[in-house]
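Per chain, numbering begins at 1; letters A, B, ... match sequence-line order. In what follows, every heavy atom counts, from backbone to side chain, and hydrogens, waters and symmetry copies are set aside.
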Amino acid sequence: MDEDQTQQEEGEIQSVKIKKDKLTKQSKGQAFITFRNRDSAEQARKKFNNQVFIENKIRVKPYFNFHKVDKKANIFIRNLPEDADYLELEQEFSRFGKVLSVDVHRDQSGKQLNYGYLQYETKEDAEKLMKRILNHPITHKGKLMKLEKFKDLSERKANQHLFTQEHLHLNIVVRSFEYGWLLVIKDYLTRVQGDQVMDCFVRIDSVTKQPWAIVTFETYKEAKANLDKCEALRKHPCFNSNSQKVIELIKKYGPPVNSDGSISFTIEQITPFFEEMNKDPHDIFKGENDNFFFNLAYNNLLKIDERLMVIQNIKKDVTKDQILEFLSQFGRVISLKIGKTKNSRIQFQQCFVHYQTMQDLKRARSELFDDKNEKTIKQRKEIFKDGHPVESTKKKLQSWQSIVQG
DNA sequence: TCTTATT
């Protein structure tokens, strides 16, 4: 670049200092240029910012003493696009007050990250912007920016504390629901039906939020009778309980005890939730929805779940939602887990799909491999390599079952 | 992802 020309165009330069590391004498890739007047500096910045200089794109921004800025006038920006342009951002934010700086964070290699900081001169300006975005969100290059006031470490820690409190709270609720279901099921099966229940456990799926249970009966006959009932009704009559009944059962049997002897929750802790639910027409313990299924183990030797299928040969880039949509057309999917094949050479996915009933799975199996159904064939091409789903064999399934259940 | 290569 011709220096004389630059000076003429951009105003007189007072000083140029290139920063070097004190020890290594290596350039830090940073320079300070002082112009004789503010306008020249601003003009130069607009002209040279983001220009390629020799081989690097240079970023030109005004200097200010960041030790003296008001942190209350600082805004944290998330969700920035890859090609965020801070001059454009600055222009946009300047509509609400005097912007001191806009910084887009970068990693060590210089790659732009999708967050940054906006520094106003006064906190009033920052507040003006925050107020404004409540009703008028701001987008940058088509992406909605998420703006929050800057929080220092202690504020973030305080929030984190709040979150863990909430989380803990949620865990208690989940645990009480699982235990509630367990008592309802056991009570009905043993007291009402007179079945001999060997084992029962209930979990609420953390992803789908749906409860599911595994009940093991003493005899095949009991298991089969209950299974038939489930298949016919698509739910079990014992689900016709309610939250009032659940809290009574918990009071009767007491809260569950953890392996270390402590109790998972106190009745006082969970009573409000059950009382609240009792007022709700959608009380999940009324059994009015079918987000529940039975997994009946006939005996210890044959533990393969008849509702579980492992499908392989799924293309790498197919999402869980796509798989779910595809598999749901054959029957009600209770849970779906996707995973990469263990062999790293094979770059395909597999999924574990749990249907609500054996009938659903049978239907899925027959339709999945039906080579005459044109609609399915077309869909298969989108999801599976060469359009061919592969079902895992029972032997393999058995070895995986422990993983799925765990 | 709540900072900053600051004469």
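- Identified under the salt bridge (charged side-chain N to carboxylate O under 4.0 Å, His left out) test for residues 373-386 of chain A, with sequence neighbours left out: A:D371-A:R380.
- Rounded to an integer number of Å, the gap from A:L113 CG to B:dC2 P is 11 Å.
- Taking atom NZ on A:K20 and atom P on B:dT7, their separation rounds to 17 Å, with Å as the unit.
- Rounded to a whole Å, the NZ atom of A:K146 is 13 Å from the C1' atom of B:dT1.
- Counting any heavy atom pair closer than 4.0 Å across all strands shown, A:R59 reaches a base atom.
- Contacts between residues 76-97 of chain A and DNA chain B, counted as heavy-atom distances below 4.0 Å, involve A:F76, A:R78.
- Contacts of A:F177 classified as ring pair (Phe, Tyr, Trp, His ring centres under 6.0 Å), with partners at least two apart in sequence or in another chain: A:F274, A:F285.
- Among residue pairs with one or both ends in residues 96-119 of chain A, those qualifying as salt bridge (charged side-chain N to carboxylate O under 4.0 Å, His left out) are A:K61-A:D103, A:K98-A:E121; sequence neighbours excluded.
- Ranking B:dC2, B:dT7, B:dA5 by closeness to the A:R156 side chain, first place goes to B:dC2.
- Salt bridge absent: A:E248 and A:K252 never bring a charged side-chain N and a carboxylate O closer than 4.0 Å.
- One interatomic measurement links the two molecules: CG of A:D107 to P of B:dT1, which rounds to 16 Å at whole-angstrom precision.
- B:dT7 atom C1' lies 13 Å from atom CD1 of A:I33, rounded to whole Å.
- At a threshold of 4.0 angstrom between heavy atoms, the contacts of A:T34 include nucleobase atoms, whether or not backbone atoms are also involved.
- Around NZ of A:K149, the count of heavy atoms belonging to other residues, nucleotides or ligands within 6.0 Å exceeds 12.
- With hydrogens and angles left out, the side chain of A:K19 and the base of B:dT4 share no donor-acceptor pair within 3.5 Å.
- Looking at heavy-atom distances under 4.0 Å, A:K71 makes contact with a base.
- Atom CD1 in A:I75 sits roughly 19 Å away from atom P in B:dT4 (whole-Å rounding).
- At the heavy-atom level, A:E148 lies under 4.0 Å from base atoms of the strands shown.
- Applying the side-chain contact (heavy atoms from CB on, under 4.5 Å) test to A:L324 and every residue at least two apart in sequence or in another chain returns A:S328, A:V333, A:L336.
- Contacts of A:I338 classified as side-chain contact (heavy atoms from CB on, under 4.5 Å), with partners at least two apart in sequence or in another chain: A:K320, A:I323, A:Q349, A:C351.
- With sequence neighbours left out, the ring pair (Phe, Tyr, Trp, His ring centres under 6.0 Å) criterion links A:F93 to no other residue.
- Evaluation of the ring pair (Phe, Tyr, Trp, His ring centres under 6.0 Å) rule for A:Y117 yields A:F76 as partners, not counting sequence neighbours.
- With rounding to whole Å, A:L153 atom CG is found 13 Å from B:dT3 atom C1'.
- Near DNA chain B, defined here as any heavy-atom distance below 4.0 Å, the residues from residues 114-121 of chain A are A:N114, A:Y115, A:Y117, listed numerically.
- Between the C1' atom of B:dA5 and the NE2 atom of A:H67 lies a distance of 12 Å, rounded to the nearest Å.
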